[in-house]
Amino acid sequence: QDLTFWSWRQEDRAAYEQFIDTFEAANPGITVTFETFEATNYNTILSTALAGGTGPDVMMVRAYGGLENVAVAGYLEELTTESVPALAEFAAPAIAAESVRADSKIYAVPFASQTQLVIYNATIFADNGIEEPQTWDELMAASQKLKDAGIIPFANGTATAWQNETVTFGLGSSLMGKEFYDELMAGTADFTDARFTSALTSVNELAQEYFPDGFIGLDYPSAQQLFSSGMAAMFVGGSYELATFKAQNPDIELGVFAAPGETAEDAKLVGLYFDGGYAVNAATPNKEAAITFVNYLASQEFGQAFANTLNNISTIPNVTFDNPLLAEVNELNQSSIPYLMLAHFRYGEPSGSVLIQAEMQKLFSGETTPEAIGEALTTGLAAWYEPFQN
Amino acid sequence: MPQFRMTGRGLWITVLIVPPLCFVALFIVYPIISAFAYAFFDWQGLRRLDFVGLENFHTVLFVEPYRSWTLNAFKNNIIVFFALMVLQNGLGFILAYALWRELPGARFHRIAVFLPVVLSTIIVAYLFKLFYHPLFGVVNISLKSIGLGEWAQPWLGQSGTALWSIIAAQAWHMVGFPTLVFLAGMQRIPGEILDAVRMETESEWVKITKIVWPLVAPSATIVFTLLFVGAFNWFELPYIMGGLDGSPFGSTDVLGLYFYRTAFGNVSAGQQDFGLGSALAVLIFIFIAAIAAVITTRLRAREIQL
Amino acid sequence: MSVATTNYYDRRGILGTLGRDGLLQIILIANTILMLAPIVIMVFSAFKTTPQIFQSPFGIPDFSQVQNFIKIWSETNFLRYLLNSFLVTGASMVLILTLGTMAAYAIGRYAFTGASFILMFFLAGLTLPLKLAIIPLFMLMRDLSILNNQLSLIFVYTAMGLPSTVFIMTGFIRTLPNELEDAARMDGASEARIMWSIMLPLVRPAMVIAGIQNVVPIWNDFFFPLVFIQNDSLKTLPQGLTTFMGEYTTDWGVLFSGLTLSAAPIIIIYIVLSRQFIAGMTSGAIK
Amino acid sequence: MAQLSLRGIKKRFRDTEVLHGIDLEIGDREFVVFVGPSGCGKSTLLRLIAGLDPISDGEFVLNGHRMNDVAPSRRGIAMVFQSYALYPHMDVYENMAFGARLMGLDKAEVERRIAEAAQMLRLEALLKRKPRELSGGQRQRVAIGRALVRKPDVFLLDEPLSNLDAALRSEVRLEIAKLHREIGGTMIYVTHDQVEAMTLADKIVVMNNGRIEQVGSPRELYETPANTFVATFIGSPRMTLVDVTHEGDRLAMANGGSVAAGTLPGPGALKLGLRPDGVQLHRSASEGFAGRVEYTEYLGDNAYVYVRLANGTLLSARTTPNDLYTPDEAVTVSVTPGAAHYFSAEDGRRLDP
Amino acid sequence: MAQLSLRGIKKRFRDTEVLHGIDLEIGDREFVVFVGPSGCGKSTLLRLIAGLDPISDGEFVLNGHRMNDVAPSRRGIAMVFQSYALYPHMDVYENMAFGARLMGLDKAEVERRIAEAAQMLRLEALLKRKPRELSGGQRQRVAIGRALVRKPDVFLLDEPLSNLDAALRSEVRLEIAKLHREIGGTMIYVTHDQVEAMTLADKIVVMNNGRIEQVGSPRELYETPANTFVATFIGSPRMTLVDVTHEGDRLAMANGGSVAAGTLPGPGALKLGLRPDGVQLHRSASEGFAGRVEYTEYLGDNAYVYVRLANGTLLSARTTPNDLYTPDEAVTVSVTPGAAHYFSAEDGRRLDP
Ligand SMILES: Nc1ncnc2c1ncn2[C@@H]1O[C@H](COP(=O)(O)OP(=O)(O)OP(=O)(O)O)[C@@H](O)[C@H]1O
Ligand SMILES: Nc1ncnc2c1ncn2[C@@H]1O[C@H](COP(=O)(O)OP(=O)(O)OP(=O)(O)O)[C@@H](O)[C@H]1O
Ligand SMILES: [Mg+2]
Ligand SMILES: [Mg+2]
């Protein structure tokens with residue numbers, strides 16, 4: 001049986017082909033063709049193909065709202081602990097990311113988690129005698145020191161819209177704190193909360209001071225470039241950047257830390273989310289083989305290989321990480337809050353991501369205030385997010 | 001016999017006209033009409049639900065946040081249209097005028113002016129992104145090197161400059177087109193008419209405004225119409241340079257992006273809605289077609305037989 | 001009267017004339033530099049490493065540094081993509097020009113009822129947002145069983161190119177002298193013969209214009225291949241390179257060599273044909 | 001052999017009728033010239049004969065066969081167009097070969113005919129050239145050659161010389177005359193040049209407004225024009241028409257003298273037609289029409305004096321270049337006996353004694 | 001007042017020189033006509049005078065002021081173009097007002113001048129029409145009106161009638177003559193029509209190949225052409241040149257008889273120039289050149305007989321329409337005393353006794 005398997009991870013092609021070889025060796029009679037698509041157009045292509053009835057047998061789907069689009073329309077096969085027993089072992093947030101909210105049915109096997117944190121150039125830190133900061137003030141001080149030394153402290157730019165979200169939650173999660181998150185989820189707080197707005201204030205101060213000149217006009221690839229070339233010392237980003245930086249500059253020594261809170265006692269939180277999952281086409285004629293393949297994708301064997309070759313945090317339980325950096329990220333993940341907007345606010349228009357991205361861009365260019373952002377987020381989301389509708 | 005000749009001719013015309021007509025009908029008109037039909041249904045993600053009449057149209061026009069998004073994108077399109085009118089068509093006219101005088105090197109200049117037109121939008125977009133780079137971009141570096149360092153800007157990052165920066169890239173890319181169309185128009189002005197003006201005035205301004213401009217009206221019709229259609233269908237350049245969201249905060253959002261984003265969703269929004277997307281597309285199409293028809297007929301009326 | 005004319009004589013005319021042409025010449029030169037500089041920078045950058053691009057964007061590179069090109073060559077199916085692009089673009093152009101000329105010939109040459117309606121029908125094709133129709137188009141291709149087949153691209157491109165081709169060619173064909181047609185008729189040529197042997201050779205410049213007009217977007221398009229083509233060995237150059245460059249978003253050097261490689265064929269074609277193209281374009285083809 | 005009959009031919013474009021019924025017989029080997037003012041229907045008639053446009057009404061018979069519905073290429077007619085209509089992308093040889101090949105002639109025959117035509121028209125050296133590399137006169141010859149190769153019974157030529165400059169014109173005109181003598185087909189020739197019409201034609205057809213005004217030899221038309229239209233159309237400077245009253249044996253002009261009448265039907269008003277060479281001017285004479293010199297034109301071998309007659313008509317008179325008249329001089333105009341033409345005052349028809 | 005001097009004017013386009021040094025004086029109120037074969041540089045010279053093209057070498061002086069570097073609009077010169085060059089988007093009034101307004105005239109004055117010009121040219125009824133709604137002759141008049149309104153010192157007209165048909169042509173020609181008499185500016189007029197040149201000019205300038213061949217009144221040119229070029233260029237049909245040898249008091253043609261010589265410098269070879277009206281044909285005569293009639297042309301008031309002389313030259317002779325010669329008839333050609341022109345056999349210059 002021939003399976004087609006679609007993905008937007010063009011950069012992982014070689015690795016996947018290797019995984020597939022392993023799978024095919026273990027399951028004679030099933031062959032899998034791996035096809036990748038340009039990431040930004042993946043949704044369009046997948047929707048089109050599914051709607052046109054020619055979708056792949058197995059596919060990567062985005063998590064959260066992205067999954068719902070496809071799943072609700074009935075294009076995805078429901079996965080259960082019967083069909084894919086391994087699912088029972090997965091962490092609850094990971095499963096939630098691949099389920100439809102209304103009925104909590106699972107539609108995909110989550111494949112990776114991503115962590116929003118601060119990546120730094122260990123060599124530069126060492127050369128300037130800088131330690132991983134424990135408080136916000138230390139972070140500011142360290143940045144100042146770098147700046148004085150003629151090094152750009154942070155490489156980030158915010159011209160690419162989604163980077164604003166990364167920067168906000170990569171830097172601000174600890175400042176906002178777990179309590180804020182819990183209250184927000186419970187519906188007892190909203191974005192006008194002082195914890196949220198003051199975190200934004202701090203993030204903005206840092207950005208204005210220690211991001212590159214004209215960072216609001218700096219796009220994502222350029223920012224990556226600044227960091228990987230060693231011109232900048234830190235980069236607020238996701239754990240998925242680690243591999244990229246290494247690829248761009250094999251000599252770079254990387255370190256990671258969670259952006260600190262006000263005091264050293266505040267829990268250092270990272271933003272955590274699940275990237276996407278492997279789903280099965282509901283209309284596939286090769287359902288059996290597809291389920292077999294998905295089971296493989298949910299196996300620990302695969303998870304381990306995934307972590308080892310792709311340097312990504314597999315969501316499969318009990319995977320260990322050879323790479324010390326990954327191990328460290330995995331460590332940091334133990335103290336996290338979900339990547340807020342993606343995990344909870346991408347189910348309607350306007351989405352929380354769209355709002356925060358736009359509002360942060362405004363803030364960075366001095367056209368709004370943190371308080372106004374809180375207001376804008378709350379009222380904006382109230383359009384569809386029931387807890388805010390009062 | 002005449003009957004035979006007429007049917008023979010009719011058959012011949014049919015043979016000529018039907019295959020191309022079929023292509024357009026099958027691969028453009030039919031899919032578009034089916035797509036327009038989406039606008040009358042409610043959608044949940046990719047799933048078509050009930051027939052809802054004009055509700056989607058109502059939503060995109062009158063319900064927040066769509067209303068302000070629609071207005072914002074529409075406003076930006078209008079800016080784009082008028083800006084390109086000046087930058088692309090206006091400059092094109094001037095360049096055409098200069099090329100037309102057959103000054104030394106005109107051949108070379110002609111080839112050069114059209115060269116960017118053959119480049120793909122991706123190339124143009126990447127190039128200009130690099131140029132606008134706040135730290136290493138050619139634009140800022142040049143400004144600094146001539147002592148205008150304080151004019152250096154994060155061009156694509158500010159609402160005040162982002163759209164204009166993209167417009168400038170578009171003008172660079174396409175200025176060759178109106179140039180050549182105008183040039184073609186100018187070359188059809190009889191030389192003697194120009195000599196006649198020169199006998200009457202030395203003023204280049206009078207010559208351009210009172211004689212050349214009115215006489216290139218047919219070129220202007222083509223260029224205006226195509227620019228109008230192009231400006232309101234604008235997609236690729238802002239997509240690559242500003243992103244699908246019209247970054248920063250919607251200041252580069254245009255109807256093309258907005259409709260695409262609404263129909264197909266994007267990474268940050270996640271939501272796909274073919275109903276709203278199609279409704280937008282229908283509205284855009286009706287708007288473009290109506291105005292383009294008006295422009296064309298208005299301008300056509302102004303044209304003069306030489 | 002002669003007093004007035006004497007006044008004329010005494011004012012200077014040279015500066016006016018020379019200064020004006022001088023100004024225009026300066027505008028032209030500045031514009032040409034502006035037009036060419038980005039392209040030159042693109043080509044230069046293709047030979048640089050990323051840090052070099054950042055540090056000296058204008059610098060002249062060492063042209064022996066072709067590792068960027070080698071990377072593209074060795075890591076992608078570049079040749080395959082290129083051949084596919086040629087195939088798809090070539091086939092589409094042949095169809096566009098054949099069908100477009102046929103329609104334009106019928107509309108421009110024969111007065112029959114409905115001619116202007118048909119012309120309007122083609123013109124409407126210019127303003128339709130085809131991206132929206134991607135799903136119906138996709139289903140159509142599926143029903144025709146040409147998904148994942150270059151025919152799907154060729155058909156869509158042909159349909160997209162026809163409106164502008166008919167638009168350009170109709171105007172041009174209309175301007176051909178009737179007497180040639182009459183002469184051929186007197187010589188005993190059939191309608192098809194007249195079109196093929198007499199008229200078509202004469203509209204070659206218009207075909208070149210229509211050709212270049214369409215070849216650029218078709219050559220560069222990556223949207224439709226993304227949707228219709230999944231098989232790597234069927235991908236076209238822009239699609240293949242976009243996929244490839246997706247992995248190198250931050251390696252500007254590779255990016256630029258990719259851009260340079262994908263632009264090179266069309267720039268070369270343009271320059272080779274520019275003589276005909278400009279001549280055709282400026283000899284009143286647009287009407 | 002070519003005998004053409006046009007019988008009651010009418011032509012309508014949409015709802016305007018441009019030919020109102022043309023009857024004409026053209027004999028074998030005749031050289032017929034159509035003249036007439038612009039827009040009178042000459043080209044239209046030619047195109048009907050060629051079969052390029054359908055005949056709305058009436059019949060065209062060629063050698064006894066009704067031609068109305070026969071395709072142009074099957075009529076045995078060749079046409080030389082005003083703008084030559086050479087195929088610009090073919091060289092001279094191919095231009096001539098195109099039609100011949102389509103007739104189904106074999107290669108050798110085509111070559112033979114082209115060689116023959118090329119020799120006759122002195123085109124041998126030009127066979128490999130494209131039309132744009134030829135001068136006007138050479139193009140003209142190629143256009144004729146193309147017609148020749150098909151060996152048609154009838155040649156149609158629509159203002160073939162109008163694109164040439166004066167010198168070339170008279171040269172090519174001579175060639176056409178010679179050609180007609182040599183190949184002897186029937187030729188139908190449209191022009192609005194007097195000299196061409198007079199010098200080439202066996203028979204001139206004067207058309208006006210979609211009707212034939214008169215058919216005749218050049219001499220007939222010049223000497224006995226059938227009406228005022230033909231009278232003023234043929235001859236340059238044109239014939240002067242003077243309104244006179246016939247009384248007794250005198251023709252009197254309103255307030256301005258009289259001249260002797262020739263043999264004429266009854267008394268009354270009529271138009272007197274006077275060609276420039278049919279009048280004399282006198283500085284002092286008792287008899288004749290009174291007038292004043294308006295201006296003179298010196299043409300080298302001739303000079304023309306324009307005289308404003310007392311009734312306001314402008315009359316042209318030929319004088320020798322040595323007779324000098326100055327503007328405003330008073331003169332008397334007398335008529336050379338036998339040189340006067342008489343036309344009806346009502347309908348302009350020739351009045352014959 | 002307008003006194004034009006052209007001094008050693010040369011014009012080069014790239015590396016080809018098309019005017020090789022033109023010297024010419026044109027007086028106030030003169031009507032000067034430039035004639036010459038196509039491509040000889042007439043239009044070029046006109047454009048240099050107008051200032052539309054720069055002068056490569058030499059000087060153009062108008063009323064004592066050097067004009068080489070003065071802009072066209074400041075020279076006080078108006079030009080009427082061959083194709084009229086009316087502004088298609090302006091109506092007749094605006095066409096005329098455009099230049100006048102640009103001169104800085106006030107509204108009332110512009111209106112007055114247009115009214116005046118319109119009246120003179122009978123354009124009053126057409127002032128609101130666009131050029132495309134006018135006939136050829138009317139357009140011509142508007143173009144002249146446009147020039148008139150600016151009250152220039154000099155009018156330049158480049159083949160202004162070449163686009164008109166024969167009838168309109170002679171009409172407009174008369175108007176131009178009248179106009180010159182009325183407004184009295186200096187007029188420079190280019191044409192290649194003999195009749196126009198002869199009838200309009202005070203002074204004809206014959207050009208050839210970028211040089212002036214002769215300047216003179218029409219009569220001078222016709223009667224005493226300075227060389228064979230002018231002799232054959234002026235007059236239609238053209239003058240026949242016969243190669244003869246002067247021996248004693250006879251001019252002998254190679255194997256074909258001789259005629260009496262006029263007063264002539266020494267013996268030797270020379271070219272004898274004979275106009276059609278300067279020869280007689282005889283069916284039987286002992287003295288004269290022998291030849292055979294080749295063909296005849298009947299033109300109504302004249303007839304021309306073309307005779308192939310024994311030495312191969314084709315000679316044209318005017319006869320009356322009633323003398324009928326048939327092709328191949330043998331004739332003898334005699335020369336009207338005093339009508340012969342003599343030119344040097346080497347350089348073609350007129351030989352004056
Ligand atoms: N296709 C047509 N449709 C309508 N009217 C036409 C058409 N062709 C010719 N006519 C009209 O028929 C009349 C005769 O035209 P035709 O071309 O025969 O004139 P002509 O005698 O050849 O004139 P000219 O000397 O200017 O060539 C004109 O009034 C013209 O406007
Ligand atoms: N812009 C130019 N560049 C090069 N050569 C030119 C240019 N304009 C005119 N000539 C050449 O100069 C010569 C004179 O041209 P001009 O137009 O003055 O001739 P003309 O006497 O007016 O002829 P015609 O009677 O045909 O109008 C011609 O040989 C022509 O080819
Ligand atoms: Mg005609
Ligand atoms: Mg000229």
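Computed from a predicted model, the values in this text were never measured in an experiment. Letters A, B, ... mirror the listed sequences (proteins, then strands); counts begin at 1.
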message = Keeping B:Trp172 on the side-chain end and C:Leu34 on the backbone end, is there a donor-acceptor pair under 3.5 Å?
response = yes
Residue [X] versus chain C: region with a heavy atom under 4.5 Å:
| X | answer |
| --- | --- |
| B:Val117 | backbone |
| B:Val18 | neither |
| B:Val118 | both |
| B:Leu99 | both |

Within this structure, what is the [atom1]-[atom2] distance for the pair [X] and [Y], rounded to the nearest 0.5 Å?
| X | Y | atom1 | atom2 | value |
| --- | --- | --- | --- | --- |
| C:Thr32 | B:Arg110 | OG1 | CZ | 12.0 Å |
| C:Tyr157 | B:Phe23 | OH | CZ | 14.5 Å |
| B:Leu21 | C:Met102 | CG | CE | 10.5 Å |
| C:Leu28 | B:Phe108 | CG | CZ | 11.5 Å |
| C:Met35 | B:His173 | CE | NE2 | 10.5 Å |
| C:Leu36 | B:Ile111 | CG | CD1 | 10.5 Å |

Do you know which two heavy atoms are closest between [X] and [Y], and how far apart they sit?
| X | Y | value |
| --- | --- | --- |
| C:Ala103 | B:Ile17 | O-CD1, 3.9 Å |
| B:Leu16 | C:Met195 | CD2-SD, 3.7 Å |
| C:Leu162 | B:Pro20 | CD1-O, 3.6 Å |

Most heavy-atom pairs under 4.5 angstrom with chain B, which of [options]?
| options | result |
| --- | --- |
| C:Glu191, C:Met160, C:Met42, C:Met141 | C:Glu191 |
| C:Val156, C:Ile266, C:Ile39 | C:Ile39 |
| C:Ile269, C:Thr165, C:Thr98, C:Ile118 | C:Ile118 |

With chain C as the partner, which of [options] has the greatest number of non-hydrogen pairs under 4.5 Å?
| options | value |
| --- | --- |
| B:Leu119, B:Val15, B:Ile288 | B:Leu119 |
| B:Leu95, B:Val124, B:Ile284, B:Asn233 | B:Leu95 |
| B:Phe131, B:Phe36, B:Phe128 | B:Phe131 |

query = Any side-chain heavy atom of C:Pro136 sitting closer than 4.5 Å to one from B:Tyr38?
reply = yes
query = Less than 4.5 Å apart, any side-chain heavy atom of C:Ile27 and any of B:Ile94?
reply = yes
Checking heavy atoms, do the side chain of [X], its backbone, both or neither come under 4.5 Å from chain B?
| X | answer |
| --- | --- |
| C:Ile96 | neither |
| C:Ala192 | both |
| C:Leu140 | side chain |
| C:Ile218 | neither |
| C:Leu137 | both |

query = Which of residues 26-34 of chain B get closer than 4.5 angstrom to chain C, counting heavy atoms alone?
reply =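 If one takes a 4.5 Å heavy-atom cut-off, the residues of residues 26-34 of chain B near chain C are B:Leu26, B:Phe27, B:Ile28, B:Val29, B:Tyr30, B:Pro31, B:Ile32, B:Ser34.
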query = Is the CZ atom of B:Arg198 crowded by more than 12 outside heavy atoms at less than 6.0 Å?
reply =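 Atom CZ in B:Arg198 is packed in, count exceeds 12.
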request  = With sequence neighbours excluded, tell me which residues meet ring-ring contact (aromatic ring centres under 6.0 Å, His included) with B:Phe41.
outcome  = B:Phe51
